[in-house]
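Numbering of ligands and ligand atoms starts at 1, following listing order.
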Amino acid sequence: MRSSDVDTLCAHRNETEVAATQDWPMPYVAGMAGWLSGQDRLDDITSGGRTHLAIDVGGEHVGELALLLDDKGQQASIDCTLSSRYWSRGYAREAALAVVADLVDRLGVVRITATTDPGNIAALRLLEAIGLVHEHEARLGVVRRGERTDATCYAVTADEWRAWRDRPQGSPGEVSLVPIDSDSAWAWRAVEGHWSQRRFVASVSDSYTDALFPDVWRGGRLVPVLLGVMADDERVGFLMYADRSPSMLSPYLWRMLVDRRHQRRGIGRQALRLLARRLLAEGNTHMTTTFAEGRGGPREFYLGLGGRVTGEIVDDETEAVIDLTTLAAEPVEP
Ligand SMILES: CC(C)(COP(=O)(O)OP(=O)(O)OC[C@H]1O[C@@H](n2cnc3c(N)ncnc32)[C@H](O)[C@@H]1OP(=O)(O)O)[C@@H](O)C(=O)NCCC(=O)NCCS
């Protein structure tokens with residue numbers, strides 16, 4: 001960035017939605033941006049200090065990426081700000097991903113970190129989309145507007161980031177459902193969603209607990225069935241359903257989780273088609289599920305599988321019913 005960006009910088013910083021999770025004083029005026037002049041002499045990301053990069057769309061300055069690189073050029077922290085007029089268009093993701101790639105591939109940075117407000121779901125999803133992984137919650141870890149407050153900390157090493165970048169991304173060749181047994185139970189715990197998706201689904205470990213101590217539903221204890229999802233010989237997903245029983249008229253899909261590295265490859269859809277075939281063969285006609293609503297949640301996924309919202313809310317979740325014949329009918333092969 002340059003001193004000449006001061007007007008747009010102030011305009012972004014004075015947007016209420018943008019400032020909500022940041023710590024700069026409000027209103028933010030040009031006199032507070034004296035540090036910008038220090039950027040005028042930079043022509044690259046520098047070690048031992050801050051570099052502010054402008055995010056530019058079609059010649060317009062729409063946001064900033066602030067980088068702090070340590071003295072040895074090994075660890076960088078990143079912080080992204082975008083004018084709210086440009087939110088939800090993928091610009092922050094594109095800019096931040098390009099910067100992370102540059103830090104790793106060109107500058108040889110070995111660890112990248114980012115800190116955000118725990119309730120800032122858009123920021124959590126951005127960090128996850130560029131390959132960072134939740135590392136810890138820093139309770140009262142930052143000061144915001146004079147108050148100590150919690151922070152959520154993400155990080156990735158260069159090796160982890162390269163593995164994430166090079167992960168398979170297309171449709172898998174073969175998807176299968178396999179039993180989980182005492183030999184494999186610990187290995188299946190490595191299947192994990194993104195941190196921001198904990199709002200929608202419990203971890204595999206928590207599902208084991210629920211399976212060990214199943215809830216009572218309409219006077220009968222739920223009968224859990226746990227299955228692993230394999231894709232091309234890799235463990236990529238986990239599902240658990242409550243089987244039909246005297247108190248459960250049709251199977252209830254209790255948990256459905258595709259590992260964060262393998263989402264959006266069609267694996268969830270294929271896994272549920274395979275489950276539909278299996279449940280049909282056992283004499284069922286439909287299954288129910290419930291899902292939490294929210295940005296990045298599974299609503300579209302279930303509706304895309306032919307799920308029909310019943311109008312019932314169960315434990316604050318939306319209930320949907322899925323016709324097994326329709327779901328099973330489509331070919332499972334990609
Ligand atoms: C929901 C989940 C199981 C979907 O699995 P998946 O393998 O990523 O989904 P698929 O690739 O099979 O997606 C099939 C279709 O569902 C829809 N879909 C899936 N995830 C979506 C998302 N996050 N936003 C919008 N649509 C989505 C899309 O239409 C997608 O087709 P497309 O990629 O061609 O557009 C997976 O994202 C996940 O584990 N999420 C976290 C846990 C969760 O929410 N589980 C459900 C608990 S009830």
With a 4.5 Å cut-off on side-chain heavy atoms, are W217 and V314 touching?
yes
I'd like to check V258 versus M256 (side-chain heavy atoms, cut-off strictly below 4.5 Å). Are they in contact?
yes
Backbone, side chain, both or neither: what part of Q197 comes under 4.0 angstrom of ligand 1, heavy atoms only?
side chain
For [atom], what's the nearest protein heavy atom and its distance?
atom: atom 48 (S) of ligand 1; result: Y302 OH, 3.4 Å
atom: atom 42 (C) of ligand 1; result: V201 CG1, 3.1 Å
atom: atom 17 (C) of ligand 1; result: F301 CA, 3.7 Å

Is [X] in polar range of ligand 1, meaning some N or O pair under 3.5 Å apart?
X: G268; result: yes
X: V258; result: yes
X: F291; result: no

Should the pair D159-R162 be classified as a salt bridge under the 4.0 Å nitrogen-to-oxygen rule?
yes
Which of the atoms in ligand 1, numbered in the order shown and given with their element, are less than 4.0 Å from a heavy-atom of [X]?
X: R269; result: 12 (O), 14 (C), 15 (C), 30 (C), 31 (O)
X: R265; result: 11 (O)
X: F200; result: 44 (O), 47 (C)
X: G266; result: 10 (P), 11 (O), 12 (O)
X: T290; result: 48 (S)
X: L257; result: 39 (O)

Determine, for W188 and R235, whether the Lys NZ or Arg CZ falls below 6.0 Å from the six-membered ring centre while staying within 45 degrees of the axis.
yes
For W87, is the NZ or CZ atom of R89 found under 6.0 angstrom from the centre of its six-membered ring and inside 45 degrees of the ring axis?
no
Looking only at side chains, do D5 and T8 share a donor and an acceptor under 3.5 Å apart?
no
E319-T290 side chain donor-acceptor pair, cut-off 3.5 Å
no
May I ask you to list the residues sharing a hydrophobic cluster with L249, side-chain cutoff 4.5 Å, ordered by chain and number?
none
Test of understanding: with ring pair (Phe, Tyr, Trp, His ring centres under 6.0 Å), list the residues that count as partners of H194, not counting sequence neighbours.
none
Dump the intermediate steps for side chain to side chain donor-acceptor pair (under 3.5 Å) on E64 and T81, then the final yes or no.
CA-CA 5 Å; E64 291 86 46; T81 304; 4.6 Å; no
So between E300, R264, R295, whose heavy atom ends up nearest atom 24 (N) of ligand 1?
R264
Considering only heavy atoms, which of M256, E317, R260 lies nearest to atom 43 (C) of ligand 1?
M256
